[in-house]
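Model, not experiment: these values are computed from the prediction.
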Amino acid sequence: MTIRTMCVATLVALFVSGPAAASFIDFEDAPSLGLTDNDSLTNQYQGSAGVTFVGAFVEASGEADANPQGFLNDTNSNYDEQFLASPGLGNYFVRSGGEVSSRGGQGVYLSILYDTAVTSASGQIWDIDGNTTQGTEQWDVRAYNSAGDLVTSILSPVGSTNGAGSLDGLPWGFALSGTAFSRIDFVFTGTKQTGVGLGFDNFNTASVPEPGTLALMGLGLLGTVVARRRRG
């Protein structure tokens, strides 16, 4: 195989095997995936977004849904009620169902596993609040590579009250970026012993090169090698 042929093959490989554009999941399509309130969410988005969930359950917003509920808006004493926020909670989001594992002495309530490693992701955790009776709420969002090494993380604010100025009924947005990772863990680090749960929504699975960028990379490689051959 000539060098030119090898470069063309590389360019084709970039088109075929390069990572796809980011996927946005707001869980509003849950019914079309055969999911209803309180159903376990596992691999339903694997085909379209390359992600699998562990410890996740579909939650229908509002008072009408059956127990267990998502989160309580303490200010208005209503379940799953959001204050004005964009993008909003919508008709469906994801809740945790309790601690799914303990890693490093910390409780993991939700994990997201990637088929292919990515370099960034973002999303929202809803209703991070606390009170003097139960204690505080805080989440550590951690990203790990395929070897299980922690590569980046971000701590949420500490929810110590559920009144004005708190995240009661509001989202906190997180963003992870850096070294490639293939798993995200949502670790509870607050002081609450009861009433611990995670509300999760509006998930951007990754931010990766678009196909056009990959094509330019391949063409640049091809042009470089051809130019070297002409000078040889």
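Across Asp129, Asn162, Asp168, a single residue satisfies side chain to side chain donor-acceptor pair (under 3.5 Å) together with Thr75, and that is Asp168.
The OG atom of Ser61 sits 12.5 Å away from atom CG of Asn78, with the distance rounded to the nearest 0.5 Å. To the nearest 0.5 Å, atoms OG1 (Thr52) and CZ (Arg183) are separated by 13.5 Å. Here the straight-line distance linking atom CZ of Arg95 with atom CG of Leu41 works out to 11.0 Å at 0.5 Å rounding. Remark: Asp74 CG to Asp127 CG distance equals 6.5 Å, nearest 0.5 Å.
In this structure the side chain of Ile112 reaches within 4.5 angstrom of the side chain of Phe203, judged on heavy atoms. In this structure, the side chains of Gln106 and Arg142 come closer than 4.5 Å at one or more pairs of heavy atoms. With contacts defined as side-chain heavy-atom distances shorter than 4.5 Å, the pair Thr205/Val118 does not qualify. Residues Asn38 and Glu59 have side chains in contact (heavy-atom distance under 4.5 Å, counting atoms from C-beta outward). Under the 4.5 Å side-chain criterion, counting only non-hydrogen atoms from C-beta, Asp26 is in contact with Asp201. Between Val54 and Leu113, the closest side-chain pair of non-hydrogen atoms falls below 4.5 Å. Using a 4.5 Å heavy-atom cutoff, the side chains of Trp126 and Phe93 are not in contact.
For Ser32 and Asp29, the side-chain atoms include no donor-acceptor pair closer than 3.5 Å.
Side-chain atoms of Asp37 come within 3.5 Å of backbone N or O of Ala60 as a donor-acceptor pair. Under the 3.5 Å distance criterion, the side-chain polar atoms of Ser101 are left unmatched by any main-chain donor or acceptor of Val108. Within the 3.5 Å criterion, the main-chain N or O of Asn76 finds a donor-acceptor partner in the side chain of Asn73. With hydrogens and angles ignored, the 3.5 Å screen pairs a side-chain donor or acceptor of Glu28 with a backbone N or O of Tyr92. With hydrogens and angles disregarded, no donor-acceptor distance shorter than 3.5 Å links the side chain of Asn145 to the backbone of Phe181.
Across all non-hydrogen atoms, the minimal contact from Ser111 to Arg103 is OG-NH1, 3.4 Å. Phe57 and Ser96 make their closest contact through CD1-C, 4.2 Å (heavy atoms, listed as atom of the first residue, atom of the second, distance). The heavy-atom pair separating Phe188 from Thr136 by the smallest distance is CZ-O, 3.6 Å. For the residue pair Ser23 and Ser48, the shortest heavy atom distance occurs at OG-O, 3.7 Å. Scanning both residues, Gly123 and Phe200, for their nearest heavy atoms gives CA-CE1, 4.4 Å. When all heavy atoms of Asn202 and Gln124 are compared, the closest pair comes out as ND2-OE1, 2.6 Å.
The stretch residues 105-114 participates, sequence neighbours left out, in no salt bridge (Lys or Arg N to Asp or Glu O under 4.0 Å) pair at all. For residues 156-176, every residue pair satisfying the ring-ring contact (aromatic ring centres under 6.0 Å, His included) rule, not counting sequence neighbours, is listed here: Phe174-Phe186.
Hydrophobic cluster membership is shared by Val58 and Val51, with clusters built from Ile, Leu, Val, Met, Phe, Trp and Tyr side chains linked at under 4.5 angstrom. Leu198 and Leu176 fall within a single hydrophobic cluster, where Ile, Leu, Val, Met, Phe, Trp and Tyr are joined by side-chain heavy atoms under 4.5 Å apart, directly or via other members. A single hydrophobic cluster is not seen to contain both Ile125 and Val187; linkage of ILVMFWY side chains at heavy-atom distances under 4.5 Å, directly or through other members, places them apart. In the hydrophobic clustering of this structure, Val94 does not group with Phe24; members are Ile, Leu, Val, Met, Phe, Trp, Tyr whose side-chain heavy atoms approach within less than 4.5 Å, directly or through other members.
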query: Which is it for Phe53 and Thr42 under the side-chain contact (heavy atoms from CB on, under 4.5 Å) test, yes or no, and what are the steps along the way?
result: CA-CA 5 Å; Phe53 294 85; Thr42 55; 5.9 Å; no
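Two rings, from Phe27 and Tyr45, have their centers less than 6.0 Å apart.
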Name the atoms and distances for all side-chain donor-acceptor pairs under 3.5 Å in residues 146-158, with sequence neighbours left out.
unit_1	atom_1	unit_2	atom_2	d
Ser156	OG	Trp139	N	2.9
Ser156	OG	Trp139	O	3.4

